[in-house]
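Letters A, B, ... mirror the listed sequences (proteins, then strands); counts begin at 1. Both backbone and side-chain heavy atoms feed into the values below; hydrogens, waters and symmetry mates do not.
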Amino acid sequence: MSTYTLTQAAKALTNGAISSDELTKNYLERVKSVDSKVKAFLSIDEEYILNQAKASDLRRSKGETLSDFDGVPIVMKDNIAVKDLPCTCASKILEKFVSPYDATVTKRLKEKGMVMFGRANMDEFAMGSSCENSGFQKTCNPWDLERVPGGSSGGSAAAVASLQAPVALGSDTGGSIRQPAAFCGVAGLKPTYGRISRYGLVAFASSLDQIGPLAHDSVDLAAILDIISGNDPLDSTSLPDQATNILESIVQTTPDDLKGVKIGLPKEYFSGDGLSPEIAASMTATQKALENAGAQLVEVSLPRTEYAIATYYIIATAEASANLARFDGIRYGARTEHADDLMKTYFETRGNGFGEEVKRRIILGTYALSSGYYDAYYLRAQKVRTLIRQDFEKAHEACDLILTPVSPCLPFKFGEKSNPLQMYLSDIFTIAVNLAGNCAVSVPASIDAATGLPIGVQFVGPAMGEEKLLRISRAFEQIREQKEFIPNL
Amino acid sequence: MSAEKMNIDVSYVAQLARIELDETTKQRLQSEMEEIVGFVDQLGTLDVEGIEPTAHAAPLTNVLRDDKAGTPYERSTMLANAPATVDDELIKVPPVIPGEEEA
C-alpha cells in the first residue's frame, strides 16, 4: 500500500479502491512506524490532515472532486507557507512562527484538493547540502541512517523515499531539490527560474530560488508542475507564461522517444578526478543505456564551470544577507528578552537565533556588498553569471539536453564534511543551473552494489524546456536497469 | 582587477549585519571566512570587460501592477506573530534610544 506513487494513489481514489481517509491514515501509520528513525518531519498535525482527508471524501461522495489528485497527501518543506501551520525554515528564530497566509503554490495545490501533509525538515533557511544545518534535528538517509539525506530539502526527499508520502515540495537555490533527491533515490525537478511563484516561499536568494516537486518518477513530477506552475501577479519575478500542461505528454512517453535525442556531456564535468569511482561508473552505465536506446552522445563545453561555485557563493550570500535582514526580532519571530534597547535587540536576537551556517553566509554576503567591495565581488559575480548563462545557451545549440552527475560522491556520513568550503565544493554539478536559470531534473540511475546507496543523474534542459526534459527523463526511467528504488527500513 | 588582497574583518562585518558574535565564534569565523574569501577571489582572474551583469535569470524588468489600494489581511492577522503588542493595535518595541523612556 505505501508503495503508491502519486499517480497510483490518484487512480485508487478515483476507482474507489480507497478513500482519502484510509490513504492518509496509511501514510500516518507509516510515519509512526519509520519517522522516529528518519526524522523527516519537523511537525505533523494529524487532526489537520485527517480533516482535509474527510473533506476530500465528502467532495468525492457528492461528485464534486476538485481534480484527479483530490485527497492525495503532499509534504511541504518548512519554508513554504501553509496558513495556520508552522513555517520555521528549521530556524530557532522562527521556532514559534505560524503562517498567516498560504503560499501561491499552497493555494494551487489546495484548489486541486491535495492534502497538506506535515512540515519537512531542511537546512536552516535552505542553506546547506546535508540537512545537518537544521536548527532542530538531523534527518537520516532512509538508505543508511548514519548518512545524510542531502539538503537543503532533505526532509522532503527522505519522506518520499521512505514512503511516508507519495510526493513533496522542496526548494532549490543551488541544488537543494536535486541533490537530496539523488541521495535518497527519488526524482526531483528544479523548474526554469520564474516558472513557479515564489510568493509564500521564505526567500534565501531571490534570483536563484525555485520551488519544485520531489516524487518517485517523472510522471508525478509533471503532474505537480502542471498544478503549481504559471504566472502569479503576487510574484513580480514569475514569468508571464501560464501553467504547463505536460502530464499527458509525459504519460505517453516510451523508450522510442530517446531515438535521435542528442545528449550533451560537458567535458569539464568529466575530466580530472572530481568524481568518485562509484559515480563515474553510474554515469558510464547511464550513457551506455541511453546510447543503446538510440540517443546520441555529444561532447559539449561549459568553459566557465570552475567559476560557478565562487559566483554562486557571492551572489547567493549577498542576496541572503538582504533577505534575512527582516529577522530582527521586531514584527515576528523570536525576540531576545534581555535587551533594553533597539540595537541590542537586533544584535542579540540575530546572534542567538541564527545557526552557524546562516551566520557564515550572512557575513560573506554582507562583505561582498559592503562599501569598497561591491564592484570587486557582487558586480563581478553578476558578470560572470552572464558568461555562465551564455555557456549553457551555446551548449544547448549542440544538444537537446545536458547529462551530468548530481553529486561528486555518494551520500556522506554525518559530520564527514565539516569544513564549510569542502561542503560548498560538492555543489559543483547542480549550482551552475541556478545561475543560468535553466530547468533540470535529478532521477535515480542505479544502486551502488558495495554500499547499497542510490546514485542519481541530472538532465539539464534549456529555459522553458520542461516538457522535453521530463519526456527524456521518463524514457530513461523506462530503460534503466534498476526499476525500483525502495530502501529497506 | 588589482592584485591587492581584500581582507575580511569578521568583527566589522558582523557589526554591519547586526549579529552579535562571542569571541570564540568570531575567531573561528574569521579563519573560515579567510579561506572562503580566498577561494572566491579566483573570480578576479576572469576577463569580464564589456559583459553586462545578470541580476536575474528571467528577462523581466519593471513588472508593475495597477495602482489600486487593498487590505488583503486583517490587522489581527498581521500582529499574530508579533513578540509583543499594545492594545492589539501596535507592535511594542524596545526604546530606540537607550534611556529615552525615562524622559
K.L.:
Name the region of Leu29(B), side chain, backbone, both or neither, that has any atom closer than 4.5 Å to a heavy atom of chain A.
P.N.:
side chain
K.L.:
What option among Ala80(B), Ala55(B), Ala84(B) has the most heavy-atom pairs under 4.5 Å with chain A?
P.N.:
Ala55(B)
K.L.:
Looking only at the aromatic ring of each residue, does the gap between the centers of Tyr101(A) and Tyr199(A) stay below 6.0 angstrom?
P.N.:
yes
K.L.:
Taking side chain as everything from C-beta outward and backbone as N, CA, C, O, which of these in Ile388(A) sits under 4.5 Å from a heavy atom of chain B? Side chain, backbone, both or neither.
P.N.:
neither
K.L.:
Give, as side chain, backbone, both or neither, the part of Thr349(A) having an atom under 4.5 angstrom from any heavy atom of chain B.
P.N.:
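Interface part for Thr349(A): neither.
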K.L.:
Yes or no on side chain to side chain contact (heavy atoms under 4.5 Å, CB included) for Leu208(A) and Tyr312(A), after CA distance, side-chain angles and deciding distance?
P.N.:
CA-CA 9 Å; Leu208(A) 302 165; Tyr312(A) 172 88; 3.7 Å; yes
K.L.:
Where do Tyr367(A) and Met33(B) land on the side chain to side chain contact (heavy atoms under 4.5 Å, CB included) test, with the steps shown first?
P.N.:
CA-CA 10 Å; Tyr367(A) 173 67; Met33(B) 285 296 121; over 6 Å; no
K.L.:
Show the nearest heavy-atom pair for residues Lys107(A) and Asp102(A), with the distance to one decimal.
P.N.:
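Heavy atoms only, the tightest pair is N-CB, 4.3 Å.
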K.L.:
Before you tell me yes or no, could you show the steps for Arg360(A) and Glu357(A) under salt bridge (charged side-chain N to carboxylate O under 4.0 Å, His left out), namely the whole-Å CA-CA distance, both residues' side-chain angles and the distance that decides it to 0.1 Å?
P.N.:
CA-CA 5 Å; Arg360(A) 229 174 252 133; Glu357(A) 184 59 31; 2.4 Å; yes
K.L.:
Count the heavy-atom pairs under 4.5 Å between each of Arg335(A), Glu356(A), Met343(A) and chain B, then report the option with the highest count.
P.N.:
Arg335(A)
K.L.:
Quick one: does any side-chain atom of Asp209(A) pair with a main-chain N or O of Ala203(A) as donor and acceptor, under 3.5 Å?
P.N.:
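Such a contact is absent between Asp209(A) side chain and Ala203(A) backbone.
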K.L.:
Does any backbone or side-chain atom of Thr25(B) lie under 4.5 Å from a heavy atom of chain A? Answer side chain, backbone, both or neither.
P.N.:
side chain
K.L.:
Assess whether salt bridge (charged side-chain N to carboxylate O under 4.0 Å, His left out) is satisfied between Glu52(B) and Lys383(A), documenting all intermediate values.
P.N.:
CA-CA 6 Å; Glu52(B) 281 302 300; Lys383(A) 292 179 179 178; over 6 Å; no
K.L.:
Could you have a look at Lys96(A), Glu306(A), Arg331(A) and say which one has the most heavy-atom pairs with chain B under 4.5 angstrom?
P.N.:
Arg331(A)
K.L.:
At a heavy-atom separation under 4.5 Å, does Ala17(B) approach chain A through its side chain, its backbone, both, or neither?
P.N.:
both
K.L.:
Tell me, for Tyr12(B) versus chain A, whether the close heavy atoms (under 4.5 Å) come from the side chain, the backbone, both or neither.
P.N.:
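Tyr12(B) has no heavy atom closer than 4.5 Å to chain A.
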K.L.:
I'd like to know if the side chain of Gln42(B) and the backbone of Phe39(B) have a donor-acceptor N/O pair within less than 3.5 Å.
P.N.:
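Yes: the side chain of Gln42(B) pairs with the backbone of Phe39(B).
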K.L.:
Side chain, backbone, both or neither: which part of Thr311(A) has a non-hydrogen atom closer than 4.5 Å to chain B?
P.N.:
both
K.L.:
Given a strict heavy-atom distance threshold of 4.5 Å, which part of Ala368(A) is in contact with chain B: side chain, backbone, both, or neither?
P.N.:
neither
K.L.:
Is it true that Asp340(A) and Lys344(A) make a salt bridge, defined as a side-chain N closer than 4.0 Å to a carboxylate O?
P.N.:
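Judged by the 4.0 Å cut-off on N to carboxylate O distance, Asp340(A) and Lys344(A) do form a salt bridge.
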K.L.:
Of the backbone (N, CA, C, O) and the side chain (C-beta and beyond), which part of Arg65(B) lies under 4.5 Å from a heavy atom of chain A, both, or neither?
P.N.:
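Neither part.
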K.L.:
Looking at Leu387(A), Ile315(A), Asp328(A), which makes the most heavy-atom pairs under 4.5 Å with chain B?
P.N.:
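Winner by heavy-atom pair count: Leu387(A).
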K.L.:
Would you call the rings of Phe354(A) and Phe125(A) parallel, tilted or perpendicular, taking 30° and 60° as the class edges?
P.N.:
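Aromatic pair Phe354(A)/Phe125(A) classed perpendicular.
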K.L.:
Just checking, is any N or O donor in the side chain of Ser91(A) or Glu124(A) under 3.5 Å from an acceptor N or O on the other one?
P.N.:
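Distance-only check passes for Ser91(A) and Glu124(A).
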K.L.:
Side chain, backbone, both or neither: which part of Ile314(A) has a heavy atom under 4.5 Å from chain B?
P.N.:
side chain
K.L.:
What part of Asn352(A) is in contact with chain B, defined as an atom under 4.5 angstrom from a non-hydrogen atom: side chain, backbone, both or neither?
P.N.:
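Neither part.
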K.L.:
Looking at Tyr307(A), Tyr332(A), Tyr346(A), which one has more heavy-atom pairs under 4.5 Å with chain B than the rest?
P.N.:
Tyr307(A)
K.L.:
I need the residue from Pro233(A), Ser236(A), Ser321(A), Gly437(A) with the largest number of non-hydrogen atom pairs under 4.5 Å to chain B.
P.N.:
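Looking at each option in turn, the highest pair count goes to Ser236(A).
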K.L.:
Identify which of Tyr313(A), Tyr193(A), Phe97(A), Phe347(A) forms the greatest number of heavy-atom pairs closer than 4.5 Å to chain B.
P.N.:
Phe347(A)
